[in-house]
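Just so it is clear: chains get the letters A, B, ... in the order the sequence lines come, proteins before strands, and each one is counted from 1.
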Number of protein chains: 2
Amino acid sequence: MSKASEQAYAKIRGFLLGGTVQPGSQLTEEQLAEVAGVSRTPVREAMRRLEAEMLLVRSPSKRIFVADWSRDDIDEMFTLRQMLEGHAANRAARRLTDAEIDRLEEVNKELHEAVDGETPDIVRFLDANRVFHEAITEAAHSPRLGQVLAMLVEQPVVLRTARQYSAEDLKQSARDHDELIAAFRAGDPGWAEAVMGSHLRRAFHTFAGAAEDDAVAE
Amino acid sequence: MSKASEQAYAKIRGFLLGGTVQPGSQLTEEQLAEVAGVSRTPVREAMRRLEAEMLLVRSPSKRIFVADWSRDDIDEMFTLRQMLEGHAANRAARRLTDAEIDRLEEVNKELHEAVDGETPDIVRFLDANRVFHEAITEAAHSPRLGQVLAMLVEQPVVLRTARQYSAEDLKQSARDHDELIAAFRAGDPGWAEAVMGSHLRRAFHTFAGAAEDDAVAE
DNA sequence: TGGCCTCCTATTGTATACAATTTGCCTGCG
DNA sequence: CGCAGGCAAATTGTATACAATAGGAGGCCA
């Protein structure tokens, strides 16, 4: 997307995830246009994307509301990711070249450095983590799969999850990636898929556990 | 979507699948606006949807082309459907009430009637088939799953597949549905998932086999 | 008082004019 | 003859004005 609608997307997304708006509240195109600093036209394009990502929902009469993600919704998202990224890992294991695996290893070295010290660097972790997962999805060479995952993977959820990780959780995450790389080197699709599956399922439970705590804290 | 953009979507889709345009050829918003009989604004919305369904692709410089689906693309689509609809069947098996299963049975009776005679009624078959699959996806109670499947299931591909089915293939399809219903009655998610998987995988091979024949015929 | 009808307002949908970007040609220079 | 540069045309992107539609408030009648 070009400048204005890309900017609209980014700003509105930030606005939605900033926590200042309440789930379920109504929004208007005009409001969002003001938030994004552009006219309604690019805002509409951004809204379509956000709707596809289910950060916005539409009433039957086309009015727009901030989506309200339940625990079940998050569960479902992680379940779908587990299936689809597991499949991506499986395909990647069949296709990755040694050079590409080297590259993954390099990215994961970065990730290790971010978490192996005394105080983990969450931002660095997230960056490396995103690059790592995207590289695998990319290596699966399946445009549809890539597109569907792009819709499903909500980085803010990943962020919130990572924030809940203990130092040990983060290190385990890095070790999962190590094992994925081993599976790739071995060219074992089933292994890769299984590792990816447990990696993501654990992430869900970390997230869900944290959400429970939040609920208790209220 | 409201009237004009819905109409644009339907007309452009028909235009793309009518076979009069060549895959890979460039299209402009203005052309499509003329085809749809509306202005560029609703055409753009329709284009976003068609892009998500990968019937259109965009060059890096935002120009638009008719997508060219390879055999691998079709394979991938069916593979993803197998995974996701299999998952839907699994979830549905856990949730469907007796009344809902009765309803499925009724729909499949319609489907049987469409194919059990001397000359199968493909249109009736397709309608019942679509309703049947949508009911299962619906019963999975997973909004994300439903949304993703809606993007993936290209009815024109289903149509082309059904056209290639022999009378016996069609009857087997109806029997697959019978078995799905049995799995639902038994409340056996694994069974339902497995049946759905083989059902879809067979569909792919029918399609692929037909495509091979086409290629040979040329 | 309760339900319904109507009109007004808020909101989304569509068309169109204009801006920005990209492409490809055409010219001129080496 | 080839290539670089820039100009013109085609195409997409954005803003804005206007149209259509849905929701809600208020009044009217039973």
Side-chain angles (χ1 to χ4, degrees), chain A residues 1-16 18 20-68 143 147 150-151, chain B residues 1-16 18 20-68 143 147 150-151:
Chain A
M1 295 300 97
S2 76
K3 201 176 156 204
S5 68
E6 190 60 35
Q7 173 181 331
Y9 173 76
K11 286 213 178 178
I12 294 170
R13 187 181 167 107
F15 174 66
L16 291 175
T20 60
V21 283
Q22 210 161 5
S25 54
Q26 184 178 354
L27 298 174
T28 69
E29 295 180 352
E30 213 154 2
Q31 271 177 266
L32 294 177
E34 192 160 0
V35 168
V38 298
S39 83
R40 277 177 54 213
T41 309
V43 164
R44 287 178 126 252
E45 310 236 319
M47 278 171 37
R48 304 271 298 214
R49 275 174 76 182
L50 293 163
E51 216 185 319
E53 291 169 3
M54 302 191 89
L55 293 179
L56 292 177
V57 293
R58 233 170 239 273
S59 77
S61 60
K62 319 291 185 183
R63 279 169 165 69
I64 294 150
F65 301 84
V66 181
D68 188 5
Q147 194 167 314
M151 269 177 51
Chain B
M1 295 299 97
S2 76
K3 204 174 153 201
S5 69
E6 191 61 34
Q7 173 180 331
Y9 173 76
K11 286 212 180 180
I12 294 171
R13 188 182 168 104
F15 174 67
L16 291 176
T20 61
V21 283
Q22 211 163 359
S25 54
Q26 184 178 355
L27 297 174
T28 69
E29 295 181 352
E30 213 154 2
Q31 272 177 265
L32 294 177
E34 193 159 1
V35 168
V38 297
S39 85
R40 277 176 55 212
T41 310
V43 163
R44 288 179 125 252
E45 309 238 318
M47 278 170 39
R48 304 270 297 213
R49 274 175 77 182
L50 293 162
E51 216 184 320
E53 291 170 4
M54 304 192 87
L55 293 178
L56 293 177
V57 292
R58 235 170 237 275
S59 78
S61 59
K62 319 291 184 184
R63 279 166 166 68
I64 295 149
F65 301 85
V66 180
D68 189 6
Q147 193 167 314
M151 271 177 51

Without decimals, in angstroms, what is the distance between A:E29 CD and C:dA10 C1'? 12 Å

Charged N to carboxylate O below 4.0 Å: is that the case for A:E29 and A:R44? yes

In residues 50-64 of chain B, which ones come under 4.0 Å of DNA chain C, going by heavy atoms? B:S61, B:R63

Give the minimum heavy-atom separation between B:A67 and B:P23, together with the two atoms involved. O-CB, 3.6 Å

Of all heavy-atom pairs between B:A4 and B:P42, which one has the smallest distance, and what is that distance? C-CB, 4.0 Å

Charged N-O contact under 4.0 Å between A:E51 and A:R58: yes

What is the first contacted nucleotide of DNA chain D and what is the last, in 5' to 3' order, if contact means an atom lying under 4.0 angstrom from a heavy atom of chain A? D:dG13 to D:dG23

On a heavy-atom basis, the closest approach of A:K11 and A:V35 is CD-O, 3.7 Å

Closest-nucleotide mapping onto DNA chain C: is A:K3 or A:T41 further toward the 5' terminus? I mean the 5' end. A:T41

Scan B:E6, B:Q7, B:R13 and name whichever one has a side-chain hydrogen bond (donor to acceptor under 3.5 Å, both in side chains) with B:Y9. B:R13

Interatomic distance where CG belongs to A:L27 and P belongs to C:dT11 [whole Å]: 11 Å

Which pair of non-hydrogen atoms, one from A:Q22 and one from A:V66, has the smallest distance, and what is that distance? O-CB, 3.7 Å

Flag, side chain of A:Q147 to backbone of B:A52, donor-acceptor distance under 3.5 Å: yes

